[in-house]
Structures are given as C-alpha cells and as structure tokens.
Amino acid sequence: MKPAPTKAILPVVALSLMTVVSAVTGLMVSLPSIAIETGASQTERTWIVYAYTVVFDGLLLLAGTLADKYGRRRVLVAGLAIYVVANIVGLNLTDPQQLIAIRAFTGIGAAFIMPSTLSVITTSFTGEERGKAIGVWVGVAGGGAIIGLFFTAFLLNYYSWHSFFAVNLVLATVALAGTLRVVPESHAAVHAALDWVGGG
C-alpha cells in the first residue's frame, strides 16, 4: 500500500488536537445542566472540570517521551482510542463520581494525543511546510475551543448534556480512523532511559 501524501496528515492531526481542546470548553457549557440533573455538589462540579486537566497536565511530559521512544503514531492511536472508550461510557453516566472518574480517564487520552500531534508534524514536514503546519496546529489549539463551545451549545438546545460526550466521540472516532490510515510511524533517533518519576 502506498504511503499517504504528507498533506493528508495535517487535517488528521489537527482534528486529533481539536478533540483535546473542545473537551474543555464543551464541558463548561454543559456543566449547569450536569449539576441540575445529577445533583452534583460544588466540590463534585469542580472535580468534573479539573480531573481532566490535572491528569492531562501531570502526564503530558511523560506521554511525549513515550511517543518519542515507542512511536508517535502508536501513542496517538492509544490516546484517541482512550477518548473513544471514555466518551462511549460517558454517554450513559448519571453519577457525579463516575463523571469525575471518566473525565480523569479522558485526561490520560488527552496527554497522549497533544504532544504526539506536534511530534508527528515536526517529523512529517520540513522547511517552510513545517512552519505552516505548526501554524495550523497553533490555530486549531485556539479555534478548537470555540468550535467545541458552539457545537455543544447547539446540541444542548435539543438534547441532554450527554451530547457533550457525543461531540467528543465523533471527533475522536474520525481522528482515529484518519490516524490509522494516513499517519506514518516514527521514533526518536536516540532512545534514552525513561524517567517514570520525572516524566521524561
């Protein structure tokens, strides 16, 4: 099978990144409905929001190192697969504690996705094309937040707050299919020992 054209990689990587960013803003729109329908306390609402970012921030450096060491495509696929599973489960949750747990689990996927997308870009593009691709990556990192917000707000007019998980599920599923089809595997040239404690 012929390798996919380099230009086909960028939309897939951008969509993968969008799944990470939209999961933050989309939740903020859904949170009032979640609080009312699940009876979540103030503390539980706080952790429904921050369980994702705490896990994401804590694992980001380690996930980037894992991608360089064991394969950027492999780690990106793992992160998107976690996203798909987490959002399928989220579609049926009604308990605040379960929501906190699934948001933390989704944060693991996010940590795997974000550094892998940038690494795929830097290894797949060269010269001026690399600069343009990184510019798209940065733009998606900002624009994805707005898209997630508006899509979720639109769906909440017609469906329950679970539609937030539906948005993430669609994005992650399409990105996963695209990654499996067009993103090439790559590793770092030098494999240093992995620092599990320091995250690098």
**Least distance between heavy atoms, Leu93 atom then His162 atom** = O-NE2, 2.6 Å
**Asked** In Å and rounded to the nearest 0.5 Å, what is the CD1 to CG distance from Ile102 to Asp95?
**Response** 12.0 Å
**Heavy-atom side-chain contact between Val49 and Leu27 under 4.5 Å** = yes
**Request:** Could you check if a side-chain atom of Val120 sits within less than 4.5 angstrom of a side-chain atom of Arg73, using non-hydrogen atoms only?
**Result:** no
**Asked** Is there side-chain contact between Val13 and Ser124, with heavy atoms separated by less than 4.5 Å?
**Response** no
**Item:** Criterion side chain to side chain contact (heavy atoms under 4.5 Å, CB included) against Phe105, the qualifying member of Ile82, Ile100, Val89
**Value:** Ile82
**Asked** Just how far is it from atom CG of Asn87 to atom OG1 of Thr19, taken to the nearest 0.5 Å?
**Response** 9.0 Å
**Asked** Does any N or O in the side chain of Ser163 come within less than 3.5 Å of the main-chain N or O of Ala166, such that one atom is a donor and the other an acceptor?
**Response** no
**Item:** Shortest non-hydrogen contact between Ala63 and Val75, atoms and distance
**Value:** O-CG1, 4.2 Å
**Asked** Is it true that atom CH2 of Trp137 has more than 12 heavy atoms of other residues, nucleotides or ligands lying nearer than 6.0 Å?
**Response** yes
**Prompt:** Quick one: CD on Glu44 to OG1 on Thr38, what's the gap to the nearest 0.5 Å?
**Reply:** 7.0 Å
**Request:** Look up atom CZ in Arg181 and atom CD1 in Ile9, then write down how far apart they are to the nearest 0.5 Å.
**Result:** 13.0 Å
**Complete:** To the nearest 0.5 Å, atom CG of Leu80 lies from atom OG1 of Thr179 at 5.0 Å
**Nearest non-hydrogen partners of Ala110 and Tyr52, listed with the distance** = CB-OH, 3.3 Å
**Item:** Test item: Val21 and Val140 side chains (from C-beta on) under 4.5 Å apart, heavy atoms
**Value:** no
**Asked** Side chain of Thr173, backbone of Leu169: donor and acceptor closer than 3.5 Å?
**Response** yes
**Prompt:** More than 12 heavy atoms of other residues, nucleotides or ligands under 6.0 Å from CZ of Phe125: is that the case?
**Reply:** yes
**Message:** Please enumerate all residues that pass side chain to side chain contact (heavy atoms under 4.5 Å, CB included) together with Ser30, with sequence neighbours excluded.
**Reply:** Ile34, Thr152, Leu156, Trp161, Phe164
**Request:** Give the intermediate values and the outcome of side chain to side chain contact (heavy atoms under 4.5 Å, CB included) for residues Glu37 and Thr94.
**Result:** CA-CA 8 Å; Glu37 294 185 29; Thr94 57; over 6 Å; no
**Prompt:** In Å, rounded to the nearest 0.5 Å, how long is the span from CG of Leu176 to OG of Ser16?
**Reply:** 8.5 Å
**Prompt:** Heavy atoms, side chains only, cut-off 4.5 Å: are Trp47 and Arg103 in contact?
**Reply:** no
**Prompt:** What are the two closest non-hydrogen atoms of Ser119 and Asp68, and how far apart are they?
**Reply:** OG-OD1, 3.8 Å
**Request:** Taking all heavy atoms of Ile48 and all of Leu31, pick out the closest pair and write down the distance.
**Result:** CG2-CD1, 4.3 Å
**Prompt:** Which atoms form the tightest heavy-atom contact between Ile121 and Ile134, and what is the distance?
**Reply:** CG2-CG1, 3.9 Å
**Request:** Would you check, one step at a time, whether the test side chain to side chain contact (heavy atoms under 4.5 Å, CB included) holds for Val29 with Thr25?
**Result:** CA-CA 7 Å; Val29 177; Thr25 54; 6.0 Å; no
**Message:** Using side-chain hydrogen bond (donor to acceptor under 3.5 Å, both in side chains), reason through Ser186 and Arg72 one step at a time and then give a plain yes or no.
**Reply:** CA-CA 6 Å; Ser186 63; Arg72 289 142 186 153; 3.2 Å; yes
**Complete:** Across all chains, not counting sequence neighbours, the side-chain hydrogen bond (donor to acceptor under 3.5 Å, both in side chains) partners of Glu129 are none
